[in-house]
Amino acid sequence: MSGPAKRPVGRRAFVLGATTAAGAALTGTAQAAGFGWADDGSAYVIDTGARLVFKVSKSTGDLTSLVYRGTEYQGYGGMNSHIESGLGASTVSIRQSGPTILVSVTHGTLRHYYAARSGENNVYLWTDKADTSVSATRFIVRVKKGAFLNDEPDSYTYAPTAIEASDVFRKSDGQTRSKHYSKLRVMDYDHIGWSAGGVGLWMIRSNHEKASGGPFYRSLLRHQSADGGGLYEILYYGQNQTENQRFGLQGPYVIAFTDGGAPSSALFPGTLTTPWADSLGIPGYVPASGRGKVAGVGISGRDTAYPYTVGLANAAAQYWGAARSSDGFFTVPGVLPGTYTLTVFKGELAVYTTSVSVSAGGTTTLNTIAIPSSNDPSNASAIWRIGDWNGTPGGFKNADLMTYAHPSDVRAASWTGNVVIGNGETAAFPCYLWKDVNSGILVYFRLTAAQAAAAHTLRIGVTTAYANGRPRVTVNDAWTSAVPSPPTQPNTRSLTNGSYRGNNHTFTYSVPASAWKTDTSQYNVLRIDVVSGSGATGFLSAGTAIDAIDLLA
């Protein structure tokens with residue numbers, strides 16, 4: 001379908017009947033002068049009637065231009081903004097329905113959509129991936145060189161020396177940069193972008209219901225290089241992935257321009273409503289009326305020192321919500337009908353699971369969830385414990401840094417060094433262990449005569465592993481454990497690209513009484529080695545991330 005533009009595209013627009021505070025994105029549907037579209041031969045040109053004009057290629061469905069207030073922001077290195085690395089030849093159509101313009105792109109089994117609303121400086125996007133014919137599911141907004149500059153962890157503008165693969169770099173001062181170093185889990189952000197010179201350009205994520213990895217997944221969100229910058233919506237990325245990918249319509253996610261401030265919270269996942277899209281006929285689109293909700297009156301048995309998250313997941317969709325700190329009340333709205341596994345996480349450690357069913361237009365209300373004491377490994381009586389059981393390496397040496405830096409970063413404390421129980425052991429113990437870097441770390445501790453006379457269970461909890469790295473232990477050179485079987489973990493890089501998140505696993509070792517020192521004045525020595533037949537060298541040797549280590553009473 002084609003149609004004439006209501007005015008020459010590119011002419012400065014004046015918004016009628018809609019005002020916003022400085023820096024806020026327009027979210028209403030006010031009619032605006034100049035709203036419309038045109039066909040320039042190679043692209044559909046859409047004018048929102050506010051201050052944004054964008055183009056979509058008629059041959060590929062790429063976003064080829066983003067002009068805001070007369071300035072072009074799209075493009076670096078001769079590349080467009082698009083799904084994955086560009087779809088190639090596609091079928092592209094456009095139609096207008098009142099104050100909405102919809103561009104539809106079909107490439108094989110994949111469908112992609114752009115929508116513009118009259119009077120808004122936003123581009124709404126949906127992506128419908130039906131199978132694996134497209135390797136990953138991401139949309140990247142490619143931004144021109146010099147439009148925005150930053151030296152945040154996820155930027156490598158000033159870091160010309162590649163130190164790993166072609167995506168981790170070191171600056172002259174020894175700090176490291178990579179597009180992978182976002183610091184953030186999916187649940188930690190609503191939008192990502194830049195602001196400079198009175199212009200803000202933002203990618204506002206979708207609710208990720210068709211994404212994979214859950215609320216704690218970490219992935220690249222933005223980058224900058226000498227050629228320009230990129231903003232990402234990652235729906236499936238194979239890096240350190242713990243789940244199979246999900247298929248179906250995902251969105252909307254939003255490209256938003258502002259006058260420098262953050263985008264309106266009305267565009268955020270969990271807040272955004274799109275009743276105007278209900279009648280657009282997008283295949284797979286499910287309106288609010290076709291969704292349900294899960295609500296829980298509370299969660300007992302919590303450790304109130306930690307946040308709790310409730311997740312819902314099945315093969316088709318995923319959702320999550322935070323439990324209220326005072327009583328554990330939670331609500332998860334906007335859920336597609338179906339049966340889900342409900343998981344309660346203490347921090348990032350699963351401590352309870354059950355099954356729930358959700359129906360369209362209904363609310364599944366759950367009575368208070370009681371977490372059994374035995375479900376939280378922190379409740380076990382321990383002679384000593386390094387860290388705590390929360391599914392993360394938080395509190396261990398270098399743990400915070402590792403979400404936004406390479407292990408070789410100059411800011412990292414030494415990865416070697418032994419540990420004495422009772423002498424700041426958690427802060428002294430490295431968050432990661434590698435076969436080629438710090439395998440063989442020693443832990444010194446004393447036992448009472450009664451403790452030394454009995455066998456004890458040693459537990460080592462891990463959050464992920466690289467190249468099947470796993471711990472084998474030796475006590476006092478008197479007893480050595482068998483080599484444990486490797487648990488299922490992601491098969492890509494993790495420890496060096498900002499993510500400790502894999503599959504939480506606990507290794508247990510039954511240490512006989514004969515292994516302990518009988519002289520209570522002497523230290524017992526626990527040696528932890530990383531074993532694996534895989535991996536390379538250095539920080540790419542086999543390794544693992546630590547959640548907690550304890551010796552049970």
Exercise for review: Go through Lys517 and Asp519 one step at a time and tell me if the salt bridge (charged side-chain N to carboxylate O under 4.0 Å, His left out) criterion holds.
Suggested key: CA-CA 6 Å; Lys517 298 277 189 180; Asp519 184 344; over 6 Å; no
Qualifying salt bridge (Lys or Arg N to Asp or Glu O under 4.0 Å) pairs with a residue from [range], counting only residues at least two apart or across chains:
| range | answer |
| --- | --- |
| residues 212-222 | Asp154-Arg222 |
| residues 487-515 | Glu164-Arg493, Asp167-Arg493, Glu348-Arg501 |
| residues 458-482 | Arg459-Asp550 |
| residues 292-307 | none |

**Study point:** Salt bridge flag under 4.0 Å for residues Asp128 and Lys210
**Key:**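 Looking at Lys210 together with Asp128, the answer is no, because their closest N to O distance does not fall below 4.0 Å.
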Check your understanding: Would you call Glu84 and Arg138 a salt bridge, taking side-chain N to carboxylate O under 4.0 Å as the test?
Key ->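 Yes, Glu84 and Arg138 are salt-bridged.
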**Study point:** Residues in side chain to side chain donor-acceptor pair (under 3.5 Å) contact with Tyr189, at least two apart in sequence or another chain
**Key:**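 Side chain to side chain donor-acceptor pair (under 3.5 Å) list for Tyr189, sorted by chain: empty.
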Could you list the residues that satisfy side-chain contact (heavy atoms from CB on, under 4.5 Å) with [X], not counting sequence neighbours?
| X | value |
| --- | --- |
| Ser355 | Thr339 |
| Ala317 | Asn314, Tyr319, Leu336, Tyr340 |
| Ala455 | none |

Practice item. Sort and list the pairs that fulfil side chain to side chain donor-acceptor pair (under 3.5 Å) and have at least one residue in residues 424-444, not counting sequence neighbours. Key: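 Every pair satisfying side chain to side chain donor-acceptor pair (under 3.5 Å) with a residue in residues 424-444: Ser439-Asp529.
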Review point. Excluding sequence neighbours, so at least two apart, what forms ring-ring contact (aromatic ring centres under 6.0 Å, His included) with Tyr237?
Key: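 In terms of ring-ring contact (aromatic ring centres under 6.0 Å, His included), with neighbours along the sequence ignored, Tyr237 is linked to no residue.
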Point to revise | By ring-ring contact (aromatic ring centres under 6.0 Å, His included) - contacts of Trp320 (at least two apart) | key: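 Not a single residue meets the ring-ring contact (aromatic ring centres under 6.0 Å, His included) criterion with Trp320.
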Practice item. Could you list all the ring-ring contact (aromatic ring centres under 6.0 Å, His included) pairs where at least one residue sits in residues 471-513, not counting sequence neighbours? Key: His505-Phe507
